[in-house]
Structures are given as structure tokens and as C-alpha cells.
Amino acid sequence: MKKDLISITDYSKEEYLKIMRLAAEFEENPDQDLLGGQVVATLFFEPSTRTRLSFETAINRLGGKIIGIADPGSSSAAKGESLHDSIRMVSQYANLIVMRHPLDGAARYAAEVSPVPVINAGDGSNQHPTQTLLDMYSILKTQGTLDNLNIFMVGDLKYGRTVHSLLMAMSAFKNPIFNFISPAELQMPNEYKIYLREKNIRYFEHREFSDIISEADIIYMTRVQKERFSDPIEYEQVKNAYVLRNAMLEKTKPNLRILHPLPRVNEIHTDVDTNEKAYYFNQALNGVYTREAIIAHTMNLK
Ligand code: CP
């Protein structure tokens, strides 16, 4: 049976740990000709820098070949071709499909249509499971554990798909505490709070975090997702709700690391970049090793 990765909950805790182990192996030795010329299609119906390029780097390092769409305006989607027909076609050309799409649920639909495995590279405001696996790898590398961590999620928790996937994945580990910091308009959707409550996992909601920042092991900053607002005035009102500055990090834990899926706009001041607790650029590099691991697991590469 083909192995898709659409939601982070498609993987078990054992699979999360297997991906972490494989990512560490690929970090040691990134160039391994495991794909042997197999073709991977990278279909990006929504803009991307890191996800597409780190996937394509991973495919190159695994000895695969790439076909793809980087701009939906240059594909037949612009002529009105349905996602169904695009996926039916591309699955005849490629051994694996990596897809980003603006609509929630599009990746699950593509996986139902496709006879070859589909990896979700982000669907609307729903899920971004490969980002979550690289986030977990980054947390494991910097904290030495995935247990007993106090994780602050800051910014756009409504539309930010990365935080949705990450809280579900971290819920598989011991004693996480989540602190959600957002404007009222962008708070964590109820479905994710219910998910945590059903697992008896503690979470707290705040509008500010300067008074509790000393408790954080991870601060996961997010961009306010301009492209998902129907009302531009509403975006203007919340776009600068949180800006993390170097001075705010003075009394934080030594093990604290600042993560961000990137791209950033204003939410992390550039004066944080040289702080040893800033980890977001290393996090983006971890995406190459983690995506090599995900491809190897999906394609059962030895
Ligand atoms: N983190 C992330 O998804 O970045 P891109 O939008 O650049 O792919």
C-alpha cells in the first residue's frame, strides 16, 4: 500500500522517532543515491522558497530527478484544469508527488486520486506536516529531548498551519505545556484546543508574553498570514501584534531556542539574529535532512 503524508497524525510516534533518526543519518551523510533516478514531481500551487527548494535539494542529494510547477500561472491550472486531472496526469510521470495548495484538504484529495504517494507541502491553513517534522528535529537537536517542554506559540495561530501540525505532533510526547499568544482575532482554533483537552494536555492562552517569557523552552514565532485574510483592514489591525526583540531575551532560560518556519515579516526583529538563542536559519537547513528522511521513509528506500 502506498504511504502518503497528508496530516502529521498519519505518522505514529515510532515513525516520528524513525524520521528523527534518519534525519540525523542524512545530516552526517547527505549524499546517498537511494532514489536511483526515480522522478519526483514538486507541484507548488502557492508560493514557497524553503519547502520547495529544500525538497528539491533533498531529491538531488538522494539521486532523484525533479519535474514540477513552481508557479501555477505557468501550468494548465491557469486554463481551468481541475486538480483531479492535474494529479491523474502527473502521477503517470512521477514516482512521488510533493504538493502545496492554497485549499484546506487539497492534499488529502490528491492522495485519493493519485496511485503514487503524495506528500503534503502545506494545504491552506490546515496542515504542514513536513515542516513539523523538521521543527521536531530542530527541537530534539537543541533540547536533547522531546519530553517535558514548555512551548510558546506566538502570532497567527488561526491561519498558521505549522502550529496546528506541531501541537498535534508534540502531544505524542511526555508532559508538553503549550502557551498560545495571539490577538483575539487570531487565536488557536477550537478544534486544536479540544484535541489537547481530550489528551489532558495543559495549554494557556495569553495576549502578551513578556511577563512569562522566562518559562519558555521554545518560542515558536509565526508570520501573520496576510494571504488568508478576506478583509485587508483586519490584517492591518493585527499585522504588527508581536515583535520579538533581543532585549526581551535577557532573562530567558539558557536552553531557550527561537524557532520560526519563515518567511518572517516584522515579527522577529533582526537584532535577534545574532543571539545564540536564534535558531530559525539552522531550522531551515534541518529541512533538507528531514525531507531526505521523509522521502526515504515514504519510498521505502534502503
Ligand atoms: N516554512 C515554509 O513553508 O516556507 P516557504 O513558504 O518558503 O516554503
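Just follow the structure's listing: the first ligand is 1, and inside any ligand the first atom is 1.
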Item to complete: Kindly assign one of parallel, tilted or perpendicular to the pair Phe178 and Phe180, based on the angle between their ring planes and the thresholds 30° and 60°.
Response: parallel
Discussion item. The test is side-chain hydrogen bond (donor to acceptor under 3.5 Å, both in side chains); show your working for Asn150 and Asn179 and say whether it passes.
Written reply: CA-CA 7 Å; Asn150 192 332; Asn179 281 284; 2.9 Å; yes
Response to the item:
Using heavy atoms and a strict 4.0 Å limit, residues surrounding ligand 1 turn out to be Ser48, Thr49, Arg50, Thr51, Arg100, His128, Gln131, Pro261, Leu262
Practice prompt. Kindly say whether the aromatic ring centers of His297 and Tyr11 come within a distance under 6.0 Å.
Written response: yes
Discussion item. One thing to verify: whether Arg264 and Asp273 come together as a salt bridge, which I'm taking to mean a side-chain N less than 4.0 angstrom from a carboxylate O.
Written reply: yes
Worksheet entry | Thr51 side chain vs Ser48 backbone, donor-acceptor pair below 3.5 Å | no
Discussion item. Under the rule for side-chain hydrogen bond (donor to acceptor under 3.5 Å, both in side chains), what residues qualify as partners of Lys199, not counting sequence neighbours?
Written reply: none
